[in-house]
Amino acid sequence: MLSKFFLALILFITSITYSANAESVDSLLMLVDTTRLSEDQVRLKLLIVDELKDSDIKQAILFAKDAFKDAQAIKDKNLIAQSQLAIGKCYNYLGANSEALNNLSKALTMFDDIGDKSNKAQTLLEIGNIYYFSWRFDLGLKYYEEAFDCGKALNDKHIILKATLGKGSIYGNTNRLDSALIIFNETFQLAKEIDDKQNEIHSLYNIGDVYRFTNRSEKALGIFKLIEQSYDDIEINSRLLTNLYLSFTDTYIQLSDIKNAQRYNHKTKEVLQRYPNNNRKLRYYFHSFQIDTMLGNPNLAIKKHIRFKELSDSISSDKFNESLANFQILYGLNAKEEEIERLRLDNELKDLSLKQRKIVIYGSVISVFLLLLVVFQTFRSIKRSKEKNRILQTQREELAAANEELTAINDELHTQREELQSTLTVLKDTQNKLISSEKMASLGILAAGVAHEINNPLNFIKGGALAIENYVKGNLEGHSSEVFPLLEIINVGVERAAGIVKSLNQYSKKDDIKTNRVIINTVIDSCLIMLGNELGGRVSVRKDFANEPLLLECKEGKIQQAFLNILTNAVQSIEGKGTIAITTSKKNKNIVVIIADSGCGISEENINRVADPFFTTKDPGKGTGLGLSITQSIIEEHNGSISFSSTVGVGTTVTVLLPLKG
Amino acid sequence: MGKTTSVLYVDDEPINLKLFELNVHCTFNVITALSGFEGLEILKNNPDIPIVISDMRMPRMDGLEFIAKAKEQFPNIIFYILTGYEINEEISEALNDKLINKYFRKPLDYKEIEKSITEVLY
């Protein structure tokens with residue numbers, strides 16, 4: 001999950017950050033006249049919505065709704081649709097997708113009705129964005145394409161640009177990276193043409209990010225540098241600037257250029273201090289962790305990773321809080337609406353009572369009639385108000401249910417993440433084991449084939465040498481002192497080659513050999529007897545064997561071969577006098593055999609390679625480098641494991657685990 | 001002993017046949033065959049051959065197949081097998097069933113072979 005988060009493309013759709021200008025909002029607010037209903041007033045309110053969207057979304061949405069009501073009152077279809085578009089945009093900003101869609105789809109129908117293509121395209125783009133941000137790329141693409149068609153029909157390059165950028169971002173997120181590249185190149189040209197600096201930079205950045213994402217690091221770097229050199233910091237908005245530095249850092253890390261990675265990581269930190277954002281901060285921590293790891297500062301790296309983890313955990317809860325807050329805003333809005341509605345009803349009532357008084361003067365019959373009407377109206381209003389309250393209550397309950405659901409989903413996601421992480425660990429482990437056993441199996445097949453093919457030519461050489469020896473003995477007795485040493489050399493060569501071939505044969509898994517039960521102590525004892533000569537008086541063996549008979553179900557010859565190899569290595573590692581300590585014991589359902597020698601030891605760089613085929617530190621002809629490799633494959637064939645630990649000059653300890661029978 | 005004893009050696013490699021002849025001809029009268037089929041033919045014509053040595057891996061009919069067929073017709077002959085591999089289940093079964101007397105590994109140790117045969121015969 002983590003890696004997916006970091007690999008995800010961070011593409012921009014359209015520039016959605018405007019700097020809210022407090023002064024202009026204030027001056028606009030001065031112009032608002034609540035008593036007047038006119039097209040201009042609606043337009044004014046819509047303008048205020050646009051200005052307020054970034055600074056006070058709550059206020060913005062109220063103005064949008066107000067504009068909507070006024071537009072309805074003056075029955076201006078175009079303004080009704082525009083207000084709904086504005087409301088939809090505000091909800092979209094809040095992440096309230098269903099409300100946003102609801103309003104936008106109504107606006108869309110109306111723009112269609114009145115044939116306002118330009119606003120229709122804006123609405124389509126907005127709907128496309130909703131789907132894009134909720135990762136429903138197929139639907140998003142459909143709307144972007146429709147918006148694109150509208151833009152084409154109108155020849156409105158701004159719309160075409162935004163729709164194309166949207167399409168490219170969807171391609172970029174659905175693995176059609178080459179298409180995305182072509183599209184971003186187009187949008188870049190188009191943005192340049194219509195002098196849209198923001199989207200020009202966005203297109204370039206997206207191109208660079210696609211390169212970064214597809215590991216074309218040098219190209220990505222070229223693009224990022226181009227952005228940095230060609231545009232001022234002011235032209236690049238804070239969100240993009242941070243992402244640019246993050247992508248710079250990531251690319252340098254890809255290229256293992258630590259110095260530059262560090263430089264841009266520092267720049268990221270500076271921008272983040274000015275414009276804090278948790279998601280980007282998370283990436284920054286991760287980069288710091290990677291850099292410290294590359295620099296070989298494990299302590300610092302661990303600290304960075306801890307911060308990264310803490311922040312990542314808090315972000316998941318922050319995200320939850322954010323959605324809660326958004327719900328609260330929505331809830332607050334509904335309450336406000338209710339209040340306005342009530343005030344209106346109050347006013348209506350007041351008006352009615354005024355009229356009532358006048359009517360009393362004109363005629364009691366009419367007044368009684370009117371009174372009845374008023375009573376009726378009042379009852380209706382109260383009823384309506386009650387109805388409103390009921391709806392509000394249901395909405396409140398729905399919101400509470402939605403909150404609960406969100407909490408549940410969050411919990412579930414957490415559990416899933418943990419499960420996935422543990423599965424990943426298990427998978428990696430299994431993969432390593434598989435690779436190792438696969439290696440051994442193919443080596444076995446190869447070895448068996450090679451063994452036979454090499455033994456025949458070896459037979460030629462050995463037989464030929466013997467024939468020559470016999471011939472010299474019979475016919476050239478005088479030459480024997482010169483010829484025989486040469487024949488001896490040939491024979492030594494043949495023996496050595498045959499020895500290697502013989503060892504190779506050990507790899508071939510012969511599953512048909514029957515298994516039998518043996519006591520581990522007996523196996524080791526018979527190995528020691530075989531080694532008798534080698535041990536001589538110089539190596540003393542200390543045995544600390546388990547008292548109970550530990551049974552092992554195995555191919556006896558092979559297991560014996562395995563322990564013989566380990567013991568031979570132990571003996572050979574000891575120069576002069578020394579000791580070998582052998583311990584056998586039971587742990588859980590395993591037999592544990594520990595063989596510790598006081599020999600020369602194995603260096604740190606070699607310890608991981610001792611079980612590699614043909615790895616040896618012995619002189620030529622003294623060892624084939626196959627012993628421990630064969631031992632390992634035998635132990636693994638028996639579902640056991642072998643591990644080595646060693647200190648140079650002190651000795652080596654080999655630990656073998658084998659499954660206990662019974 | 002001496003050259004009165006005939007030994008049939010079966011191997012699909014002519015060089016191996018030549019070398020075997022060269023290296024044990026002082027001790028035994030060596031007859032060679034390039035395949036199990038040829039070996040069976042020779043045995044039919046020379047039923048008094050007491051010793052047969054055959055390579056294990058040969059095309060069409062391998063050493064043990066040849067020996068099994070020959071043993072049926074000539075139960076008194078003593079058989080040996082040569083192999084480039086380690087001992088395997090097939091060979092150990094043949095040893096248990098007394099189909100073969102012993103197996104020799106390639107490259108051949110001619111002295112060991114001479115010694116084994118001599119021990120068995122005398």
Side-chain angles (χ1 to χ4, degrees), chain A residues 444-475 487 490-516 555-558 560-561 626 630 633-634, chain B residues 2-3 7 9-28 30 32 34-35 53-59 62-64 80-97 103-117:
Chain A
I445 295 163
L446 182 73
V450 165
H452 187 267
E453 292 315 319
I454 288 185
N455 275 333
N456 257 330
L458 285 180
N459 198 43
F460 300 167
I461 300 169
K462 191 173 175 182
L466 183 65
I468 293 171
E469 190 183 325
N470 288 338
Y471 183 82
V472 172
K473 268 185 197 159
N475 305 303
L487 291 173
I490 294 173
N491 282 329
V492 168
V494 170
E495 291 309 327
R496 201 186 278 185
I500 291 173
V501 172
K502 197 172 170 183
S503 315
L504 277 174
N505 261 328
Q506 306 271 349
Y507 281 110
S508 50
K509 265 196 187 176
K510 286 162 211 143
D511 289 327
D512 46 358
I513 290 181
K514 289 190 183 70
T515 60
N516 47 335
K555 292 161 188 169
E556 191 180 352
K558 285 198 159 191
Q560 185 144 14
Q561 170 84 52
L626 290 170
I630 290 162
S633 82
I634 293 172
Chain B
K3 287 201 66 163
V7 173
Y9 176 49
V10 186
D11 196 318
D12 60 325
E13 287 266 13
I15 301 178
N16 281 340
L17 295 179
K18 181 79 196 159
L19 285 170
F20 193 86
E21 253 182 318
L22 274 172
N23 285 320
V24 298
H25 74 278
C26 303
T27 333
F28 308 112
V30 179
T32 60
L34 269 165
S35 72
I53 301 172
S54 171
D55 187 26
M56 176 68 199
R57 205 164 87 158
M58 289 184 295
D62 76 21
L64 283 177
Y80 294 93
I81 200 106
L82 309 178
T83 176
Y85 296 99
E86 278 292 275
I87 182 167
N88 61 22
E89 187 75 350
E90 259 185 308
I91 292 176
S92 70
E93 232 171 68
L95 277 171
N96 285 340
D97 298 348
Y103 79 95
F104 300 113
R105 281 179 43 87
K106 278 184 177 176
L108 295 178
D109 184 336
Y110 296 98
K111 288 188 179 97
E112 182 197 357
I113 294 173
E114 275 177 19
K115 209 176 128 208
S116 298
I117 295 173

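Letters A, B, ... mirror the listed sequences (proteins, then strands); counts begin at 1. Since we're looking at a predicted model, the values are computed, not measured.
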What I'd like to find out is whether the side chain of [X] reaches to under 4.5 Å of the side chain of [Y], using heavy atoms alone.
X	Y	result
A:Asn456	B:Glu13	yes
A:Asn470	B:Asn23	yes
B:Pro107	A:Ile461	no
A:Lys462	B:Leu108	no

For a quick test of reading the model, state the closest non-hydrogen atom pair linking A:Asn455 to B:Gly84 and the distance between them.
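So the two residues come closest at ND2-O, 2.6 Å.
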Non-hydrogen atoms of A:Phe460 and B:Asn16 that approach each other most closely:
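In terms of heavy atoms, the two residues are closest at CE2-OD1, 3.1 Å.
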Nearest 0.5 Å, please: how far is CG in B:Asp11 from CG in A:Asn459?
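The CG atom of A:Asn459 sits 8.0 Å away from the CG atom of B:Asp11.
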Is it the backbone or the side chain of B:Lys18 that comes under 4.5 Å from a heavy atom of chain A, or both, or neither?
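For B:Lys18, neither part sits under 4.5 Å from chain A.
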